[in-house]
Peer 1: 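Input: one structure, supplied below.
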Amino acid sequence: MGDCELKLSEADVEEEWRNAFHSDPSGKEKYYINVAYPYPSGAMHVGHGRTYIVPDVIARFWRMRGRQVLYPMAFHVTGSPVIGISQRIARGDAKTLSLYRDLYKVPQDVIERFSDPLAIVDHFSNEYERVMRRLGLSIDWRRRFTTILPQYSKFIEWQYHHLNSQGRVVRGEHPVKYCPQCDNPVGDHDLLEGDKAEVVKFIFVHFESDGFLIPCATLRPETIYGVTNLWINPDVRYVKADVDGTVWLLSQEAADKLALQKHQVSIVGEVDGADLIGKAVSHPLCGSVRILPAGFVDPDMGSGIVMSVPAHAPFDYIALVDLQKKGEYTDIAPVPLIQVDGYGEIPAKEAVIRHNIVDQHDPKMDEVTQEVYSAEFSRGKLLARCGDHEGKPVRVAREDVGAIMEAEYGSIWFYDFDQQPVVCRCGSRAFVRILDDQWFLTYSDPEWKQQVHDQIEKISLVPPEVRAEFDRTVDWLKDWACTRRVGLGTRVPWDPKWLFEPLSDSTLYMAYYTIAHRISEIPSDALTPEVFDYIFLGRGEPEGVDRAILDELRSEFLYWYPYNYRFSAKDLISNHLTFQLFHHRAIFPDELQPKGLVVFGMGLLDGAKMSSSKGNVFLLEDAAQEFGADTVRMFLVGSAEPWQDFDWRNELVSSVRKQIERLITYVQESKDATGTYDVDAWLSSRLQRRIQKMTEALELFQTRQALQEAFFGIESDLKWYRRRLPAGSSGGAVLRDVADTWIRLLAPIIPFTCESLWRENGHDGLVSYAEWPVPDENRINPEIELAEELIVRTVEDIESIMKILPVTAEKLTLLITPEWKNEIFRRVAAAEDRRSVTKELMKDESMRKRGKEAANAVPQVIKLIHSLPPTLVDQISTRAPDEHAVFSQAASFIEREFSVKVRILHAESSGHAKAGMALPFKPAIVIE
RNA sequence: GCGUGAGUAGCCAAGCCAGGUCAAAGGCGCUGGAUUUAGGGUCCAGUCCCGUAGGGGUUCGCAGGUUCGAAUCCUGCCUCACGCACCA
């Protein structure tokens, strides 16, 4: 519709806002919110859009309510993804190039610079800012920074200086994916194949034979009690190796892997697998068993030698059966050690039979193995032959037996991938390597955990249900490897070959925002830990920076901190959001701890998960281009509450656009409204309630609910208002007041439109800083609302009768309830036990006089009361409207609505057969 | 498998925590009507089934249970989402 053109385009408004949201400490009460900053390695899609728009709505709301609001933004460029991206682009990788060229629409000349990872983050940081401005985010852009800024690095150094001196950073060992060719750890994005592979921790069970050790890798150490034999591949050449001073027999592959896992390995000899068949080996927990041949044994898995538990491992069972079919080793029988519901004595055997497995090459073997494994792990209990472990659940026994083997029987841990192959992008195979000088944050520290638990109790969480998840996360956290060898970031000051990894350098930056715009002017060399101590902790006598400046920074920090709310998607609860609580607790005093967290749901696109790599994304800028920024905003905050998942569907979005157009048309039409009408007071009264409800909703971050009230609520009030006006009228001067209020209520959500309308309605300043509407108690009029409610309900009744009436109505008579039924209504409403009301009432002389008529009315009234909202029941019983007067006044309205002659009569004086149906708030209706 | 949360009419989504207000708000979609209506606007009505008087019947993942009464409380089951670690 072309007639709702706005004076100011979105671009005009964006320009007016360019510097409008710079925020400095003032005499006003502050409101500081922040969001998890983006990693700018690609373009923003609509899912990102909501993450930043919801806080913007909140920021705009509180700004209008007179708070000094700070909403800052920065960019997280720490880590290694962009390094991988830049290398893939340099290499001309088609998939990556297509993603950046076709999906993100990066110009060719810019892509060419992307072989430098910094060019990528620079480019997309600027893009983010541009698109965020396009969407109207009221951010103080002066405070923008990236996490590799020298000043920020100094800040991180300061943070870790404290954590380290508190003993919260410790050295330990950690398994990583590692490429021997590149001599470097590799991230998932650095892999050609196996990027989903996980590192699994096996235990080596050491069997002994002729003075050397035979290790068998297993995840199920408790099954040692059921070992009947070992498996070895007769076609593989094994090696004898000196491992940490003892001679082991294992595959060459396993020996190589061990060498990467902090073991001294040197090969001392070779043995054919075939030569080992039949040898006896022993372990103290299972005694002596023999080595048997099996073709399924892979030298690249574990040690290349497998311990066999035929009672519980289908592979072992079927391999044994295969041999026995040939008449060999018939003296070996499965030894059960686990009892599990749903299976008999030998679960592996049952499963194999149930699935009709013929031999060990059956493709169903993996599935069968998984089935038995799962059943035993979740429900299994150990049998008597397991000694002290009898009766223990499998998951407990597994831990216990593993620990005993490690402590008493020389077992070691062995790491390997859960799938093969894992290949580095250099083409070489990747392995698990143990880095023994890795730095850890001691999140496992029970005292620290307790402090965080205490903090979680005090913090405001939205929605409150996530509290349990935070607590669980704190309990579950172990020490966190907080450093990496490759990537962008800040070096560990005391061990500069390491960098702080991304989740560990982004836990305190909300504090950095408060001074970011000022500190960038100070040379980083001057930013010693003492300087930050002064700014953030208020102590010390730092040199090198003008004290007056430091005092200003200190006071700005104290003005804003602690932050009021931090926003983030729910997938960060289990790491980032909880980490930052740990760090705040460790560094800042009680009064500076985070006050609140808001957790978002996830975004879907046409019902499917949004994913850049799968191309299932809708870019935010494209959305703004196609629908307008306000439409995008209104859809994103209105289609679901922030913590719920939302689904972007283009056809739903276009209807939002029509809604905004209706608003514009309404406001523009209301400009000339004059005069007064009877219903004005009702509209005014309703408006006050809408203001109140929307305000409450936004205070609770319920953007959807807020929109329901402020948009659809007011719209539906207006529809009824217009319907109630005399024929030919388009409404009174009250509409101008409604328009002014409406614009302000919607300004946080659709600020571009509202900014323009506000201007058009003759206001000078920005609506972004206009005063938030406050409900005017004097204009709330319950009597009028109640009277109008009576009319609404009656009109609905008339409509539903008309609908099923075959004849055209000419006359309509409303029969008003007699006063004594009002008395019954009041008595029933007030009664504790509604079942005995009749008896009570009949004790009353005046009621008894009416006899059966009164007795019949009671159940009718009870039913009526049950069907009305309790607040309405209260109102009717405390101040029942003069129904005759209400309808007399509305008679011409009803006549017009239904094209009938209307009469209003008292039921008692009518004598009509339907007169008895008249009840309070429900007149009898006679249509003829 | 473990942890957390969720399953409501064609779709989205309120309500459930504090049982009767619930055939269940609101929006979208769809259907019909009105409109000097451009077949994409606006307004009105309908949208589980039945009904020539404002009513009745069957519903809120499935199966039970508690209660005078359950979408709302309890138990079991099924399904889905997020997380399960060194990664943004």
Side-chain angles (χ1 to χ4, degrees), chain A residues 1-4 36 38-39 41 76 78-82 174-176 185 187-189 198-199 370 373-374 377-378 395 438 440-441 443 463-473 475-484 487 501-504 506 569-576 599 601-602 604 607 609 638-641 643-647 649 651-652 654-656 658-659 661-662 665 704-705 707-709 711-713 716 719 722-723 793-794 796-807 834-835 865-873 897 914 917 922-927:
Chain A
M1 44 190 291
D3 55 347
C4 66
Y39 184 78
S41 66
H76 194 203
T78 312
S80 48
V82 284
H174 184 66
V176 296
D188 287 344
H189 46 271
E198 285 180 40
V199 174
Q370 190 58 41
Y373 185 97
S374 297
F377 183 69
S378 52
R395 73 184 66 182
Q438 170 67 267
F440 287 85
L441 280 165
Y443 294 141
E465 298 87 69
V466 298
R467 178 162 269 112
E469 206 174 341
F470 274 100
D471 277 322
R472 291 294 311 178
T473 299
D475 289 337
W476 160 86
L477 274 174
K478 300 184 221 158
D479 288 350
W480 180 267
C482 61
T483 55
R484 291 223 52 178
E501 63 81 37
L503 283 171
S504 301
S506 54
K570 68 177 168 193
D571 52 349
L572 295 188
I573 293 176
S574 67
N575 49 51
H576 167 73
V599 175
M602 311 301 284
L604 301 176
K609 202 183 294 184
S639 67
E641 297 294 6
W643 44 90
Q644 296 171 323
D645 295 348
F646 77 96
D647 189 4
R649 293 197 139 98
E651 70 270 20
L652 297 184
S654 15
S655 69
V656 169
K658 285 184 222 157
Q659 288 155 359
E661 283 169 357
R662 286 208 298 275
T665 311
R704 177 192 163 83
Q705 179 62 29
L707 198 60
Q708 293 278 338
E709 288 297 334
F711 189 83
F712 300 107
S716 94
K719 281 181 186 172
R722 290 184 158 166
R723 202 170 157 187
R793 285 174 177 267
T794 305
E796 280 170 7
D797 277 355
I798 296 171
E799 276 167 351
S800 77
I801 296 171
M802 292 272 203
K803 202 176 58 187
I804 50 176
L805 213 58
V807 296
R834 281 168 190 165
R835 277 169 292 184
I865 284 178
H866 273 302
S867 75
L868 295 172
T871 50
L872 196 55
V873 172
E897 282 284 307
K914 289 216 171 284
M917 281 188 74
K922 201 170 177 66
I925 298 164
V926 182
I927 297 173

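Convention: sequence-line order gives letters A, B, ...; per-chain numbering from 1. Predicted model only: the values in this text are computed from it and were never measured.
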Peer 1: Given B/A85, B/C87, B/C82, which nucleotide is nearest the side-chain atoms of A/P81?
Peer 2: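 Taking heavy atoms from C-beta onward, the closest nucleotide is B/C87.
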Peer 1: Would you indicate what A/P463 reaches in the nucleic acid, counting non-hydrogen atoms under 4.0 angstrom: base, sugar-phosphate, or nothing?
Peer 2: nothing
Peer 1: Using the P atom in both, what is the distance from B/A6 to B/G15, to the nearest Å?
Peer 2: 12 Å
Peer 1: Where each residue is assigned the nucleotide of RNA chain B containing its nearest heavy atom, which of A/K922 and A/E465 is assigned the position nearer the 5′ end?
Peer 2: A/E465
Peer 1: Which nucleotide wins on minimum distance to the side chain of A/E501, given the candidates B/G26, B/A88, B/U4?
Peer 2: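 The answer is B/A88.
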Peer 1: With both distances under 3.5 Å as the test, what is the Watson-Crick or G-U wobble partner of B/C16?
Peer 2: none
Peer 1: Would you say the side chain of A/D645 lies within less than 4.5 Å of the side chain of A/K570, judging by non-hydrogen atoms?
Peer 2: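 Result yes, sub-4.5 Å side-chain heavy-atom pair found.
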Peer 1: Just how far, in rounded Å, is P of B/G3 from CD of A/E469?
Peer 2: 13 Å
Peer 1: Taking atom C1' in both B/G51 and B/G41, compute the distance separating them and give it to the nearest angstrom.
Peer 2: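 Pairwise C1' distance, B/G51 against B/G41, rounds to 36 Å.
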Peer 1: Please measure how far the C1' atom in B/C44 lies from the corresponding atom in B/C48, and state the result in whole Å.
Peer 2: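 B/C44 and B/C48 have their C1' atoms separated by 23 Å.
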Peer 1: Answer yes or no: is there a side-chain heavy-atom contact under 4.5 Å between A/T483 and A/Q438?
Peer 2: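 In contact.
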Peer 1: Is any side-chain heavy atom of A/P38 closer than 4.5 Å to one of A/H76?
Peer 2: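 No, every pair of side-chain atoms sits at 4.5 Å or beyond.
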Peer 1: Looking at the side chain of A/F712, which of B/C86, B/G27, B/A88 is the nearest nucleotide?
Peer 2: B/G27
Peer 1: Which distance, rounded to the nearest 0.5 Å, do you find between the CG of A/L652 and the CG of A/D647?
Peer 2: 7.5 Å
Peer 1: Report yes if the side chains of A/H174 and A/F440 come closer than 4.5 Å at any heavy-atom pair, otherwise no.
Peer 2: yes
Peer 1: If I take atom CZ in residue A/R722 and atom C1' in nucleotide B/C44, what distance separates them, rounded to the nearest angstrom?
Peer 2: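 Distance check: A/R722 CZ to B/C44 C1' gives 14 Å.
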Peer 1: Report which part of the nucleic acid A/R704 touches: base, sugar-phosphate, or nothing (heavy-atom distance under 4.0 Å, all strands).
Peer 2: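 Base contact.
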Peer 1: Hey, does A/K658 reach any base, or is it just sugar-phosphate, or nothing, if we go heavy atoms under 4.0 Å?
Peer 2: sugar-phosphate
Peer 1: Decide whether A/E501 and A/W480 meet the rule of one side-chain donor and one side-chain acceptor closer than 3.5 Å.
Peer 2: yes
Peer 1: Find out whether A/D479 and A/L441 are in side-chain contact, i.e. whether some heavy atom of one side chain is under 4.5 Å from a heavy atom of the other.
Peer 2: no
Peer 1: The test is salt bridge (Lys or Arg N to Asp or Glu O under 4.0 Å); show your working for A/E897 and A/R723 and say whether it passes.
Peer 2: CA-CA 9 Å; A/E897 282 284 307; A/R723 202 170 157 187; 2.7 Å; yes
Peer 1: Of all the choices, B/G54, B/A88, B/C11, which nucleotide is nearest to the side chain of A/D797 once you look at every atom?
Peer 2: B/G54
Peer 1: Across all strands shown, which nucleotide pairs with B/G41 by Watson-Crick or G-U wobble geometry, both distances under 3.5 Å?
Peer 2: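 Paired with B/G41, as far as the under-3.5 Å criterion goes, is B/U35.
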Peer 1: Looking only at atom C1', what distance separates B/G5 and B/G10, rounded to whole Å?
Peer 2: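 Per the computed distance, 26 Å lies between those C1' atoms.
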Peer 1: Determine the interatomic distance between C1' on B/A81 and the same-named atom on B/G61; round to the nearest Å.
Peer 2: 15 Å
Peer 1: Let's test this: given Watson-Crick or G-U wobble pairing with both distances under 3.5 Å, identify the partner of B/G10.
Peer 2: B/C28
Peer 1: When the P atoms of B/A63 and B/G19 are compared, how many Å lie between them, rounded to an integer?
Peer 2: 25 Å
Peer 1: Checking base pairs now: Watson-Crick or wobble, both atom distances under 3.5 Å. What partners B/C80?
Peer 2: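 Per the H-bond distance test, B/G5.
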Peer 1: At 4.0 Å (heavy atoms only), tell me whether A/E651 reaches a base, stays on the sugar-phosphate, or touches nothing.
Peer 2: nothing
Peer 1: Which part of the nucleic acid, if any, lies within contact of A/H174, taking any heavy atom under 4.0 Å across all strands shown: a base, the sugar-phosphate backbone alone, or nothing?
Peer 2: base
Peer 1: Send over the distance from A/Q705 CD to B/G27 C1', rounded to a whole Å.
Peer 2: 12 Å
Peer 1: Give the rounded distance in Å between these two atoms: CE of A/M602 and C1' of B/G5.
Peer 2: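 The answer, rounded to whole Å, is 13 Å.
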Peer 1: Classify A/V466 by what it touches in the nucleic acid, base, sugar-phosphate, or nothing, heavy-atom distance under 4.0 Å.
Peer 2: nothing
Peer 1: Give A/L572 one of three labels, base, sugar-phosphate or nothing, depending on what nucleic acid heavy atoms sit under 4.0 Å from its own.
Peer 2: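 Answer is base: heavy atoms of A/L572 come under 4.0 Å of a base.
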Peer 1: For A/K478 and B/C2, what is the distance between atoms NZ and P respectively, to the nearest whole Å?
Peer 2: 17 Å
Peer 1: Quick check for you: among B/A88, B/U4, B/C82, whose closest atom lies nearest to any side-chain atom of A/N575?
Peer 2: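 The nucleotide sitting nearest to the side chain is B/A88.
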Peer 1: Considering only the C1' atoms, how many Å lie between B/U37 and B/G32, rounded to the nearest integer?
Peer 2: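 One C1' to the other, the span is 16 Å.
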Peer 1: Go through B/A14, B/G26, B/C11 for me and flag the one nearest to the A/Q644 side chain.
Peer 2: B/A14
Peer 1: So what does A/L477 hit on the nucleic acid, given a heavy-atom distance under 4.0 Å: a base, only sugar-phosphate, or nothing?
Peer 2: base
Peer 1: Answer with base, sugar-phosphate or nothing: what part of the nucleic acid does A/I927 contact at a heavy-atom distance below 4.0 Å?
Peer 2: base
Peer 1: Whom does B/C73 pair with, Watson-Crick or G-U wobble, provided both distances fall under 3.5 Å?
Peer 2: B/G65
Peer 1: Using the C1' atom as the point on both nucleotides, what is the distance between B/A14 and B/G64, in whole Å?
Peer 2: 28 Å
Peer 1: Would you say A/R662 places a side-chain N or O within less than 4.0 Å of OP1 or OP2 belonging to B/U42?
Peer 2: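 Yes, such a contact exists.
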Peer 1: Could you check whether A/A924 gets within reach of a base, just the sugar-phosphate, or nothing at all, counting any heavy atom under 4.0 Å?
Peer 2: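 Base contact.
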Peer 1: Which part of the nucleic acid does A/K719 contact within heavy-atom distance under 4.0 Å: base, sugar-phosphate only, or nothing?
Peer 2: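 Counting heavy atoms under 4.0 Å across all strands, the contact made by A/K719 is with sugar-phosphate only.
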Peer 1: Rounded to whole angstrom units, what separation is found between the CZ atom of A/R723 and the P atom of B/C43?
Peer 2: 13 Å
Peer 1: Rounded to the nearest angstrom, tell me the gap between atom CG in A/D645 and atom C1' in B/C11.
Peer 2: 16 Å
Peer 1: With a non-hydrogen cut-off below 4.0 angstrom, is A/L652 in contact with a base, only sugar-phosphate, or nothing?
Peer 2: sugar-phosphate
Peer 1: Please tell me which of the listed nucleotides, B/G54, B/C11, B/A88, lies nearest to the side chain of A/I925?
Peer 2: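 Nearest to the side-chain atoms of A/I925, counting from C-beta on, is B/G54.
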Peer 1: Heavy atoms, side chains only, cut-off 4.5 Å: are A/R793 and A/K922 in contact?
Peer 2: no
Peer 1: Can you tell me the distance, in whole Å, between the CH2 atom of A/W643 and the C1' atom of B/C12?
Peer 2: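 My rounded result for the distance is 16 Å.
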Peer 1: Which base, if any, makes a Watson-Crick or G-U wobble pair with B/G54, both distances under 3.5 Å?
Peer 2: none
